[in-house]
Protein chains: 2
Amino acid sequence: MSVRLAETQSIRALPLFKEMSEQNFAAMMDLSMLQRFPARAEIIREGELPDFLHVVVEGAVDLFATRDGVETTIDILYPISIFIVAAVVRDEPQLKSARTLMPSQILMVPSQIVRATFEREAAFAHGIVAELAARYRSVTRVLKNDRMLTATERLANWILNSARRAGRDEFELPIEKRKLASYLGMTPESYSRAITALESYGVHSRGTTITVTDRSRLTEFARPILNADD
Amino acid sequence: MSVRLAETQSIRALPLFKEMSEQNFAAMMDLSMLQRFPARAEIIREGELPDFLHVVVEGAVDLFATRDGVETTIDILYPISIFIVAAVVRDEPQLKSARTLMPSQILMVPSQIVRATFEREAAFAHGIVAELAARYRSVTRVLKNDRMLTATERLANWILNSARRAGRDEFELPIEKRKLASYLGMTPESYSRAITALESYGVHSRGTTITVTDRSRLTEFARPILNADD
DNA sequence: AACACCACTTGATATTTATCAAGTCACAGA
DNA sequence: TCTGTGACTTGATAAATATCAAGTGGTGTT
């Protein structure tokens, strides 16, 4: 039921935990579990009360919402990130389901420990605030993009941001196209057409490789919303 | 430059301030301003760094984003609520602009004071966390609605929630229809058609009055997303 | 009372996107 | 190597929504 110290290095480095006292951090890890999941494993389900704060240590996690069997991807998380922070803090039902996109390692910190530590240690509380504020801003940006950009423009912006993050004009799709489509709020068919349309605006796509061949042309087309970083 | 004590009663009662020490609260109010704005006054502009945490004390405030002159309403705030919490906490550019929808009173707390108090007093930090988590969840719900419901379904859900909040089947639109349309992510024309369409599903609209004539029928049509409270 | 303004509504049409239906292609397993 | 599976693509069509263009109606002003 506890996590070995050797495995906590990268977790400790997270903004959320960085400033905590060694003692509180150790106590928290002692009550947490580091669990391995296969690909496509369901981790949490929308509507349930959160038992754990989750940390993606390895792999990738799909956060999605469902309605009548239709699902939409709200966020995709890679190491090292945290999820269902808000539900844990408020002890309210989760708004999203989560499943692994590949074999993954997830650290699970019991909700009560999170809330208790939160009360006890200011440094941890600050970490939670920073995390929440960042996520809040991130969804806000997604909403703005959804409301004010066409599907093709959203894809164009996503490509620009991915290239920027990769530091080069060529990068690999980290996930299936259909999943990316859902994340960008469109169908797989629309994704396919959008990427084809972008060939005229400085993007080349072959297999899972995307190349930005004309950054300024693409930027002009994308007309990014201010601060739309993600 | 300071706020009279008599005016702070309702502010003090906010979850954000409720648990604070009298001393810190007084110090904060001393450095804050309670300002009156006419209708349609611009309060903050997207992209700027936040100088103040704002509290809507009286009136109503429209939080919106702009792109090429087109704007979309992200949230509408009534007393007593707080805005640009995330930007203040992170000291990053605001993602939304704000303007009054009617003559309003706004309490403005300087950002530095917010951050300083946040460092100093755990109770206040907790208040910030609760507020952020609540807002994060709220935008998440809006995004889910946008992604998975049609415009008419979003309106249906909004009506159901409004009626529930009002505690009766008849209520008044608190804002212009065009503004509500924007908030629900549609054009005024689409709003008009949507409300007409809902006449067949237990809704009656005349002027600024909306009446739910058949709640179960409307609920069946709206098929609300789990936990979609706002 | 007449008028002007503006939100709202309604109609016609265009655009965007989803849906349905075949394909095509790559890859894993027999 | 063959074959099946599933993701992806492409085409045809439908649905949802926006846009453009007149109206309509209420309110406040002169």
Checklist entry - Taking N and O atoms by type only, does the side chain of A/E176 place a donor or acceptor under 3.5 Å from a partner on the base of D/dC8? => result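 Answer no: no donor N or O sits under 3.5 Å from an acceptor.
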Checklist entry - Closer to the 5' end of DNA chain C via nearest nucleotide, is it A/R154 or B/S205? => result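 So the residue in question is B/S205.
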Checklist entry - So, is the end of the B/R99 side chain (NZ or CZ) under 6.0 Å from the ring centre of B/F64 and within 45° of the ring's axis? => result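 Yes, a cation-pi geometry holds between B/R99 and B/F64.
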Checklist entry - Are any of A/S192's side-chain N or O atoms less than 4.0 Å away from OP1 or OP2 of D/dC8? => result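 No, because none of the side-chain N or O atoms of A/S192 sits under 4.0 Å from OP1 or OP2 of D/dC8.
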Checklist entry - Which part of the nucleic acid does A/T187 contact within heavy-atom distance under 4.0 Å: base, sugar-phosphate only, or nothing? => result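 If one applies the 4.0 Å heavy-atom cut-off, A/T187 turns out to touch a base.
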Next on the checklist: Minimum heavy-atom separation for B/P79 and B/G59, please, with both atom names.
Outcome noted: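 What the structure gives for the nearest pair is CD-O, 3.1 Å.
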Checklist entry - Taking NZ, NE, NH1 and NH2 as the nitrogens, is one of them in B/E220 or B/R223 under 4.0 Å from a carboxylate oxygen of the other? => result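 No, B/E220 and B/R223 are not salt-bridged.
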Checklist entry - Any salt bridge between B/E189 and B/R193, counting N to O under 4.0 Å? => result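 Judged by the 4.0 Å cut-off on N to carboxylate O distance, B/E189 and B/R193 do not form a salt bridge.
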Between [options], which one does the side chain of [X] approach most closely?
X: A/T196; options: D/dT17, D/dG11, D/dT10; answer: D/dT10
X: A/K177; options: D/dC8, C/dC8, D/dT19; answer: D/dC8
X: A/R178; options: D/dC20, D/dA12, D/dA7; answer: D/dA7

Next on the checklist: Just the rounded figure in Å: distance from C1' of C/dT16 to CE of B/M186.
Outcome noted: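 That distance rounds to 17 Å.
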